[in-house]
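As structure tokens, the structure follows; a few thoughts come after it.
In the text below, chain A, chain B and the rest are named by the order of the sequence lines, each starting its count at 1.
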Amino acid sequence: MPELPEVESVARSLVSGQGVSKGILGQTFSKAVLSWNKTVALPSAASLKRRIPGQQVLGVGRRGKFIRIDLSNETILIHLRMSGDLILGHSEKALGKHSRLRFYFENGLQMSFNDPRKFGRVWLLEDPEEVLSKLGPEPLDSSLSPADFYERLHPRKRQLKALLLDQAFLAGIGNIYADEALHAAKLHPLRLAHSISRKQSNALFKAIQSVLEEGIRRNGASIDWVYQGGEFQNYFAAYQKTGEPCPRCATPIERMVLGQRGTHYCPFCQPAP
DNA sequence: CACGAGACCTGTTCGC
DNA sequence: TGCGAACAGGTCTCGT
């Protein structure tokens with residue numbers, strides 16, 4: 001499910017308390033129950049269960065595709081990978097059919113990490129930078145300028161699509177927003193980064209920011225049964241639009257496989273290198 | 001450094 | 001209707 005806008009939406013729902021009376025800020029954990037051991041990346045399952053009770057939630061945020069929950073003594077990091085979701089609720093039904101890890105709060109509320117495909121991972125760390133320091137910059141951080149983006153892009157000799165998916169290059173972009181950004185910037189996914197002009201780089205940077213911002217504004221994209229509540233899927237220009245007319249020029253959108261990922265583009269607006 | 005393939009998993013949809 | 005193949009928002013590891 002989740003790329004930056006979807007993860008941002010999930011993080012915000014934890015604060016707003018979507019579907020329940022209030023969010024998790026200020027609440028204190030009473031216990032953690034794990035039903036798929038591999039869900040916990042670090043520390044051991046036993047250590048996590050021992051350390052969670054009594055800790056209070058002081059803050060909720062996002063870095064790249066990670067959700068971070070800052071506690072009294074340490075930080076929880078959650079990566080939803082392909083099919084994860086965080087659900088607040090009280091009933092078994094509300095908390096999801098594939099709940100892999102469940103956090104209980106002292107006031108009776110539960111937070112369920114629901115993850116059908118079991119790819120998602122949770123960390124409990126004294127220093128979250130242990131994991132987060134591998135990430136590239138935040139694409140929506142105002143301290144990242146178009147010039148900075150070009151400086152990162154230009155030395156690289158990779159295909160644009162692969163580079164955008166590389167979390168060490170830029171944090172938070174996934175398959176949907178990579179395709180949408182390249183389409184908006186009129187750049188073919190196979191273009192090599194070092195062949196991109198400064199003007200094209202600026203256009204790409206702007207496109208990345210605008211598709212991510214629109215994604216957030218629409219609470220992310222809900223493509224299939226995994227994640228509900230988003231609306232951005234109704235505004236895709238290229239992603240999963242194979243055979244449908246490009247909204248700019250009406251040429252049918254094409255699909256290719258790149259790095260084992262379905263890649264959608266307009267063969268007219270995004271000329272092949 | 002760059003690339004492709006295979007792993008990790010389950011659920012849904014597509015083609016015959 | 002049934003059944004296998006293909007596909008899905010991600011990332012890690014290994015071989016070339």
Quiz item: Considering only heavy atoms from C-beta outward, does the side chain of A:Leu182 approach that of A:Lys161 to under 4.5 Å?
Solution: yes

Quiz item: With rounding to whole Å, what would you report as the distance between B:dC9 and C:dG4 at their P atoms?
Solution: 22 Å

Quiz item: Hey, does the side chain of A:His98 come within less than 4.0 Å of B:dC9's phosphate (OP1/OP2), counting only N and O?
Solution: no

Quiz item: Within the structure shown, what part of the strands sits under 4.0 Å from A:Arg156 by heavy-atom distance: base, sugar-phosphate, or nothing?
Solution: sugar-phosphate

Quiz prompt | B:dG11 and C:dT1, which share atom name P, separated by this distance in whole Å | solution = 23 Å

Quiz item: When rounded to the nearest Å, what value does the distance between P atoms of C:dG10 and B:dC1 take?
Solution: 23 Å

Quiz prompt | Ring-face cation contact, A:Phe113 with A:Arg102, 6.0 Å cut, 45° max | solution = no

Quiz item: Can you find a side chain N or O atom of A:Lys157 that sits less than 4.0 Å from OP1 or OP2 on B:dA2?
Solution: no

Quiz item: Is a donor-acceptor contact shorter than 3.5 angstrom present between the side chain of A:Arg117 and the base of C:dA8?
Solution: yes

Exercise. For C:dG9, give its Watson-Crick or G-U wobble partner with both distances under 3.5 Å, or none.
Key: none

Self-check item: Side-chain N,O (A:Lys97) to OP1/OP2 (B:dT10) below 4.0 Å
Solution: no

Quiz item: Should A:Tyr239 be listed as having a side-chain N or O under 4.0 Å from OP1 or OP2 of C:dG9?
Solution: yes

Quiz prompt | Sugar-phosphate only, base, or nothing, as touched by A:Thr39 at under 4.0 Å among non-hydrogen atoms | solution = nothing

Quiz item: When the ring planes of A:Phe232 and A:Phe236 are compared, do they come out parallel, tilted or perpendicular, using 30° and 60° as the limits?
Solution: perpendicular

Self-check item: Stacking check A:Phe119 vs C:dG10 (5.5 Å / 30 deg)
Solution: yes

Practice problem: Scan every strand shown for a Watson-Crick or G-U wobble partner of B:dC9, both distances under 3.5 Å, and answer none if you come up empty. | Solution: none

Self-check item: Test item: A:Ile196 and A:Leu160 side chains (from C-beta on) under 4.5 Å apart, heavy atoms
Solution: yes

Exercise. Hey, can you tell me if A:Phe29 and A:Phe105 have their rings parallel, tilted or perpendicular (30° and 60° cut-offs)?
Key: parallel

Practice problem: Go along nucleotides 11-16 of chain C 5' to 3' and tag each nucleotide: B for a protein heavy atom under 4.0 Å from its base, S when only backbone or sugar atoms are that close, - otherwise. | Solution: B-----

Practice problem: Sticking with atom P, work out how far C:dA5 lies from B:dG6, rounded to a whole angstrom. | Solution: 16 Å

